[in-house]
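Presented below is the structure to which this report refers.
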Amino acid sequence: MTPAPLVIHTPKGLFCPDGDFHIDPMGRVPRALITHGHSDHAARGMGTYLCTHQALPVIRHRLGKMVAEGIAYGEARQIGGVRVSFHPAGHVPGSAQIRIERAGEVWVASGDYKTAPDALCEPFEPVRCHTFLTETTFGLPIFHWQPEVVVMRQIAAWWQANAARGVASVLLAYSFGKAQRLMAGLAGLGPICTHPVVEAVTEVLRRQGYTLPPTTALSGTPPPQGALVIATPNAMASDWALTLGPHQVAAASGWMALAARRKGVGAAFVLSDHADWAGLTAAVAATQAERVYTLHGFTHPFAAWLRAQGLSAQALS
Amino acid sequence: MMRFAALVAQGAPQPQAFAAYQAKVGADEGAAALRLLCGQRPKRLAPPVTLLDWVATATNTPAFLIEACLKTCPDKAELAALLFPPPPKASTTTLTEALASLTSAAAYLALVHTLPPEARTIFNRLAGGTFRTQLAPAPTGPQTAGRCLAILTFVDPSGPEATFALPHGNTLVPLTRLRLTLPQTPALLAWARAHVADRFGPLRQVPPTQVFELAFDGITPNARRKSGIDLVGGRVTSWAQDVQACDVPPLSALLAQQT
């Protein structure tokens, strides 16, 4: 008889019946295990939260009052009938894959992950398991990332060319993760300014001990000559953008690999916090999982590809 | 090829951008680029769907994944570019070298994956015959004035007007149709009457043996012309009876000098 699944897909998110907890739930639940602090994974309203020590400060900063507990990477904890541990996912600071074990059977929920290292976050660690629940945000063979240093060099060249013309360089990035990864990768090349929302998250990470270069929050003052300004796309749609003076705008995202997504931005850099096609396939292979469930993004083609490779694979969303 | 791809990345390049590009590349590449941007497309190697098939085979990408990719990236030239991983080292391939590889599937596949992705897409458009980018017409009006030699191909005695053409490969490409105002026009019409090769309404086709010197105020791209250009302010300045038709410089020479 097949044992009952360790994790099931429910309308509120992934649920572990034996441990009576949800992973990254989007509806109110009593007990939530959170892989990382992005808003599509860490939502308000849960009874209790459990996440890595490194992820907790940003989650508190964003969600406010909450009952939450931190756990070290690799630390095992018994929750109900299962043993649970968190392992680096390489996505953003503090991000984790969640390993669940019951009587020798191991399932891993990947959360969002990136296999290639970067200048900021804890590097991805593959975790062996029988069943792997993998994200597939970029699960098509058209997504191939360059090493981070190559992309940072491209961004630096764009920044320097703008600075030489006396124009500020505005980089659009998500306020947690990508923004700090950019400043870490571009440290020492010139003055870096931020939108206040970006600055607040950056300050939280700085206090945690992440090594980040000095930055200046801009609130109504123009950036200094030759500055790089890191801002969210929302900020550029607000009155705040009017104080920037002459500037060029660039986006840094994995989606910039597609010409259709590059339209409308001055410059585009292909830089993602998710695994590319090769990263996803390598991660699946490294788990040695016999069964794979896919969620987020290109779930169906990626599952079909895994089946063609002889694995048992199924799209969950 | 990378510089050319960068030049056309945002669509029709402005003449200043083209001049800056031309200053960086060799004369051959500059001339090749100008021909492309004036609508002179290379002979297509294969339709985009065939290029995509070749790339799918070369990258071991099954058909169901190609179908899924097309939903996200419907442009086959771009998809065929993105299926390869990034090249392991920086490419130094020139536009002329890239164009020279449009001879076979093997030559195409040997080159395409060595280019960076944006250059691959442009290369695929050239290979697939879907490259459409043209120089943006200069807003200040025509560019460089000049004179050229051209071969008489048709005469319309009712104008009187004449059509002139330039050699391009083994054929003649119509360049312009101009009013005949030379003092020798009666003699020319008499010659044409005596040498009619074919008739199309009022048009008399004549053997391509007579060479004329034309002057013009500028050249502007026009994709609807076989030559890819319009002569602005063209007029016939002389009947160059001392020049043989085989000595008339080809269309590419006219395009190359217009920068």
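Because the structure is predicted, anything quoted here is derived from the model rather than measured. Just so it is clear: chains get the letters A, B, ... in the order the sequence lines come, proteins before strands, and each one is counted from 1.
Residue contact with chain B, scored on non-hydrogen atoms closer than 4.5 Å, involves the side chain of A/Phe298 exclusively.
Within the 4.5 Å cutoff, the side chain of A/Trp107 has heavy atoms near those of the A/Arg291 side chain. Counting heavy atoms from C-beta outward, A/Ser253 and A/Tyr174 have side chains that stay 4.5 Å or more apart.
Scanning all heavy atoms of the two residues, the minimum distance from B/Ala77 to B/Arg125 falls at CB-NH1, 3.5 Å. In this structure, B/Pro42 and B/Leu126 approach most closely via the heavy-atom pair CG-O, 4.0 Å. Across A/Leu186 and A/Ala156, no two heavy atoms sit closer than the pair CD2-N, 4.1 Å.
A distance of 8.5 Å separates CD in A/Glu148 from CG in A/Leu182, rounded to the nearest 0.5 Å. Here the CG atom belonging to B/Leu111 is positioned 8.5 Å from the CD atom belonging to B/Glu97, to the nearest 0.5 angstrom.
Between A/Phe302 and A/Trp277, the two ring planes are perpendicular [angle over 60°; tilted spans 30° to 60°].
Listed in order of number, the residues of residues 78-95 of chain B that approach chain A to under 4.5 Å between heavy atoms are B/Glu78, B/Leu79, B/Leu82, B/Leu83, B/Phe84, B/Pro85, B/Pro86. Below 4.5 Å, heavy atoms of chain B meet heavy atoms from A/Leu140, A/Pro141, all part of residues 119-141 of chain A.
B/Glu29 and B/Arg3 are not joined by a salt bridge, as no carboxylate oxygen comes within less than 4.0 angstrom of a charged side-chain nitrogen.
Of the N and O atoms on the side chains of A/His38 and A/His91, at least one donor lies less than 3.5 Å from an acceptor on the other residue.
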